[in-house]
Visitor: 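Below: one structure in structure tokens.
Each residue takes its place number in the sequence, starting with 1.
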Amino acid sequence: MHISKKCSVFKVVLSALLIVALLQLIYLSFLSKFHGKQQRYRYSELFGSRKHAQPEKNSRKERLRYSLSTGGIFDNSGQYRVYKNLIKSDFTTNHKPGFQPGTNVLSLATHTTINNLHHLGSLLERWQNPLSVAIFAHGQDVKFATALVYALSFFCPQIEALVDFHLVCLSGEIASFPEQDREHFAGLEDCASVFSRLETHRDQSKNYDISGNISYPNNLLRNVARSGTESSYILVIDMDMVPSADLHQQFLEMITKRESASDEVFVLPAFEIRHAKKIPATKAELVQLYQVGEVRPFYEELCPRCQAPTNYSQWVNSHVRGAGTLAVAYTLTWVDPWEPFYIGPRSVPLYDENFKQYGFNRISQACELHVAAYRFSVLSSAFVVHRGFKIQGEFHSRKDEENKRNRVLFRNFKEGLKTKYPSSTRRC
């Protein structure tokens with residue numbers, strides 16, 4: 001009798017456990033089906049029929065489809081295919097975010113490969129104003145870049161509102177609408193998931209060491225990003241750099257109080273910071289880190305002469321009345337080999353697109369500004385910061401070879417300036 005009761009209790013417990021296990025299996029099956037259905041819905045939102053997406057999302061998709069259908073345009077050398085305005089922001093198309101008329105004075109232009117596009121989130125978080133991005137991709141990365149750029153503009157409201165994307169690839173490559181590339185979109189459900197996907201694709205090559213011995217056309221990309229803006233002034237920086245906080249508003253207030261000059265550029269002292277440190281927002285924060293060696297002048301280890309003319313000690317000790325007020329601290333004449341980062345009117349000469357890879361790509365443009373009699377006015381409290389210290393050993397193996405090749409190009413470039421500016425007495 002006692003044994004029979006024990007058996008009955010055991011059967012009841014076993015039955016209960018089986019029921020619980022069965023319910024868990026049903027629940028997991030439901031979750032799996034729901035997740036699969038959610039993924040299919042997300043994909044149909046991105047590339048499916050019109051009934052699945054909001055009208056503005058379909059409009060964005062159709063604009064992308066049209067941009068790609070044009071086949072892009074070739075650059076002057078015929079080596080690269082350029083898709084300008086692959087995706088345009090709401091700011092550009094209809095000023096949707098509510099910006100006041102007259103505030104589109106300054107845009108930021110930047111360039112990158114898909115490997116560094118993950119920096120866009122933190123850059124836009126600091127900038128929060130119109131931004132033009134030129135992306136270089138080749139091989140399989142052309143599809144990946146097209147797909148992920150579209151996903152960014154679809155899932156990230158701030159990117160949708162403010163960022164214009166342009167794509168550059170080799171002339172023999174054609175970007176296509178990524179309708180069949182479901183593998184690129186698996187798991188993408190929101191803005192954070194798109195950036196997580198980009199993080200997995202980061203830093204696959206050192207600097208410009210692109211697979212297949214492909215040249216990175218940095219100056220072409222800078223020009224494409226510049227031409228994609230409609231602002232009166234443009235700041236051109238690399239994707240892994242960040243400007244000081246509130247620069248857009250401070251520059252707008254400064255420029256409206258002074259006479260505009262077409263022959264003046266506004267220099268932002270450039271720094272680099274240890275990877276572990278938070279990017280400083282203000283000059284006071286930056287100077288604190290600078291004084292303890294956590295921040296140092298840009299390229300201090302690689303080419304100290306390239307930034308020394310900025311006169312960092314004078315800038316650190318210059319003060320302007322009023323917190324958050326931006327002004328010109330001092331004006332400099334360009335000297336070789338200074339390559340400052342600056343805000344300039346959109347009329348400044350374009351970058352020379354013959355320069356690719358490492359060496360002389362930005363110096364050549366600064367040299368031309370000097371010959372064209374531009375003034376270099378250093379701003380009192382604005383700056384740009386590069387993420388991480390630039391260290392000699394971290395560069396790719398062909399850097400010195402590229403530098404030598406571009407040095408020869410630079411000599412020819414300077415000779416050409418004599419013809420382009422025959423009345424100028426300035427040389428570089």
Visitor: Just list the side-chain donor-acceptor pairs under 3.5 Å for residues 326-333, sequence neighbours left out, or say none.
Guide:
residue : atom : partner : partner atom : Å
Y330    : OH   : T310    : O            : 2.7
Y330    : OH   : N311    : O            : 3.0
T331    : OG1  : S377    : OG           : 3.4

Visitor: Does one side chain, of H111 or D238, offer a donor that lies under 3.5 Å from an acceptor on the other?
Guide: yes
Visitor: Let's go through L108 and I237 carefully: what are the C-alpha distance in whole Å and the side-chain angles of both, what is the deciding distance for side chain to side chain contact (heavy atoms under 4.5 Å, CB included) to 0.1 Å, and is it a yes or a no?
Guide: CA-CA 8 Å; L108 192 152; I237 59 175; 3.9 Å; yes
Visitor: Should L120 and L131 count as side-chain neighbours, where that means a heavy-atom distance under 4.5 Å?
Guide: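 A side-chain contact under 4.5 Å exists here.
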Visitor: Do D336 and W338 come within less than 4.5 Å of each other through their side chains, counting heavy atoms only?
Guide: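 Counting from C-beta outward, D336 and W338 never come under 4.5 Å.
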Visitor: My understanding is that only residues two or more places apart in sequence, or in another chain, count here; which of them pass ring-ring contact (aromatic ring centres under 6.0 Å, His included) with Y342?
Guide: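 Counting only residues at least two positions away or on another chain, Y342 forms no ring-ring contact (aromatic ring centres under 6.0 Å, His included).
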Visitor: May I ask you to check whether over 12 heavy atoms, not counting those of R346, lie within 6.0 Å of atom CZ?
Guide: yes
Visitor: For Y351, enumerate each residue passing the ring-ring contact (aromatic ring centres under 6.0 Å, His included) test, keeping only those at least two apart in sequence or located in another chain.
Guide: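 ring-ring contact (aromatic ring centres under 6.0 Å, His included) list for Y351, sorted by chain: empty.
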Visitor: Are the side chains of L68 and T146 in touch, meaning some heavy atoms are under 4.5 Å apart?
Guide: yes
Visitor: Could you tell me the separation between the CG atom of L235 and the OG atom of S132, rounded to the nearest 0.5 Å?
Guide: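 The OG atom of S132 is 12.0 Å from CG of L235, to the nearest 0.5 Å.
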Visitor: So, taking the atom named NZ in K278 and the one named CG in L289, what distance separates them when rounded to the nearest 0.5 Å?
Guide: 11.0 Å
Visitor: Quick one: are L188 and R197 in side-chain contact, heavy atoms under 4.5 Å?
Guide: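 Heavy-atom side-chain distance check passes, below 4.5 Å.
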Visitor: Take R405 and E402 through the salt bridge (charged side-chain N to carboxylate O under 4.0 Å, His left out) test and state the conclusion after the steps.
Guide: CA-CA 5 Å; R405 184 174 64 246; E402 294 161 3; 5.2 Å; no
Visitor: To the nearest 0.5 Å, what is the distance between CD1 on I363 and CD on E339?
Guide: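 Answer rounded to 0.5 Å: 4.5 Å.
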Visitor: Begin with the C-alpha distance, continue with both residues' side-chain angles, and end with the deciding distance and a verdict on side chain to side chain contact (heavy atoms under 4.5 Å, CB included) for S227 and K84.
Guide: CA-CA 9 Å; S227 67; K84 284 189 178 179; 3.3 Å; yes
Visitor: Kindly give the heavy-atom pair with the smallest separation between S262 and S347, and that separation in Å.
Guide: O-OG, 4.3 Å
Visitor: Please examine the side chains of F136 and P217, heavy atoms only from C-beta on, and report whether any two atoms are closer than 4.5 Å.
Guide: yes
Visitor: Under 6.0 Å between the ring centres of Y83 and H166?
Guide: no
Visitor: Any ring-ring contact (aromatic ring centres under 6.0 Å, His included) involving residues 278-298? Give me the pairs, sequence neighbours left out, ordered by first then second residue.
Guide: F271-Y290, F298-F341, F298-H386
Visitor: Using the test salt bridge (charged side-chain N to carboxylate O under 4.0 Å, His left out), find all partners of E401 that sit at least two apart in sequence or belong to another chain.
Guide: none
Visitor: What pairs with A245 under side chain to side chain contact (heavy atoms under 4.5 Å, CB included), at least two apart in sequence or on another chain?
Guide: R126, A281
Visitor: Using side chain to side chain contact (heavy atoms under 4.5 Å, CB included), reason through T113 and M239 one step at a time and then give a plain yes or no.
Guide: CA-CA 9 Å; T113 62; M239 177 61 80; over 6 Å; no
Visitor: Can a donor-acceptor pair be found, under 3.5 Å and without considering hydrogens, that links the side chain of R426 to the backbone of V371?
Guide: no
Visitor: Which residues pass the side-chain hydrogen bond (donor to acceptor under 3.5 Å, both in side chains) test with E294, not counting sequence neighbours?
Guide: R274
Visitor: As an exercise, state the distance from CD1 of I87 to CD1 of I159, rounded to the nearest 0.5 Å.
Guide: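 It is 10.0 Å, given to the nearest 0.5 Å.
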Visitor: According to salt bridge (charged side-chain N to carboxylate O under 4.0 Å, His left out), who are the partners of R375, at least two apart in sequence or on a separate chain?
Guide: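 R375: salt bridge (charged side-chain N to carboxylate O under 4.0 Å, His left out) contacts with D263, E264.
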Visitor: Considering all heavy atoms of both residues, which atom of S215 and which atom of Y80 are nearest to each other, and what is their separation?
Guide: O-OH, 3.4 Å
Visitor: Closest approach of L123 and P243, non-hydrogen atoms and distance?
Guide: CD1-CD, 3.8 Å
Visitor: Look only at the side chain of Q307 and the backbone of A270, and say whether a donor-acceptor pair between them is shorter than 3.5 Å.
Guide: no
Visitor: Would the distance check show the side chain of W315 and the main-chain N or O of S318 forming a donor-acceptor pair, the cut-off being under 3.5 Å?
Guide: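 Pair absent, no side-chain N/O of W315 close to backbone of S318.
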Visitor: A quick test of your reading: do over 12 heavy atoms of other residues, nucleotides or ligands sit less than 6.0 Å from CD of E199?
Guide: yes
Visitor: Might you work through the side chain to side chain contact (heavy atoms under 4.5 Å, CB included) test for L106 and S231, ending with a clear yes or no?
Guide: CA-CA 5 Å; L106 174 62; S231 302; 5.5 Å; no
Visitor: Does a side chain donor of either N219 or R222 reach within less than 3.5 Å of an acceptor in the other side chain?
Guide: yes
Visitor: Are K356 and Q79 close enough that a side-chain donor and a side-chain acceptor fall under 3.5 Å?
Guide: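 Looking only at side-chain atoms, Q79 and K356 do form a donor-acceptor pair, the distance falling under 3.5 Å.
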Visitor: Does the gap between the ring centers of F376 and F266 come in under 6.0 Å?
Guide: no
Visitor: R296: what forms a salt bridge (charged side-chain N to carboxylate O under 4.0 Å, His left out) with it, not counting sequence neighbours?
Guide: E272, E301
Visitor: State, with a plain yes or no, whether a side-chain heavy atom of L152 is found less than 4.5 Å away from one of L198.
Guide: yes
Visitor: Tell me if a side-chain donor or acceptor on Q357 pairs with a main-chain N or O of Y216 at a distance below 3.5 Å.
Guide: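 Answer holds: yes.
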Visitor: If we ignore angles and hydrogens, is there a donor and acceptor under 3.5 Å between the side chains of N223 and E353?
Guide: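 Yes, side-chain donor-acceptor contact under 3.5 Å.
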Visitor: Can you list every side-chain hydrogen bond (donor to acceptor under 3.5 Å, both in side chains) pair that touches residues 406-416, not counting sequence neighbours?
Guide: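 Applying side-chain hydrogen bond (donor to acceptor under 3.5 Å, both in side chains) to every pair that reaches into residues 406-416, excluding sequence neighbours, yields E415-K418.
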Visitor: Any side-chain heavy atom of T110 within less than 4.5 Å of one from V236?
Guide: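 When only atoms from C-beta onward are counted, V236 and T110 do not touch, as no gap falls below 4.5 Å.
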Visitor: When you compare the side chain of T256 with that of L252, does any pair of heavy atoms fall below 4.5 Å?
Guide: yes
Visitor: Could you tell me which non-hydrogen atom of N361 sits nearest to which non-hydrogen atom of Y358, and how far apart they are?
Guide: ND2-C, 4.3 Å
Visitor: Partners of F389 by ring-ring contact (aromatic ring centres under 6.0 Å, His included), sequence neighbours excluded?
Guide: none
Visitor: Using the rule side-chain hydrogen bond (donor to acceptor under 3.5 Å, both in side chains), only one of W334, Y421, Y374 pairs with E368; which is it?
Guide: Y421
Visitor: Could you check whether Y233 and F251 have their ring centres less than 6.0 Å apart?
Guide: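 F251 vs Y233: aromatic centres under 6.0 Å.
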Visitor: Atom CE in M241, atom CD1 in I279: separation rounded to 0.5 Å?
Guide: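 CD1 of I279 is found 9.5 Å from CE of M241.
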Visitor: What are the two closest heavy atoms between S67 and L86, and how far apart are they?
Guide: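 Of all heavy-atom pairs spanning S67 and L86, the closest is OG-O, 3.5 Å.
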Visitor: Supply the atom-to-atom distance D141 CG to I114 CD1, rounded to the nearest 0.5 angstrom.
Guide: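 Answer for the CG-CD1 pair, D141 versus I114, is 6.5 Å.
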Visitor: Which heavy atom of G121 sits nearest to which heavy atom of F195, and what is that distance?
Guide: N-CE2, 3.4 Å
Visitor: List the residues meeting salt bridge (charged side-chain N to carboxylate O under 4.0 Å, His left out) with E173, not counting sequence neighbours, and say none if there are none.
Guide: none
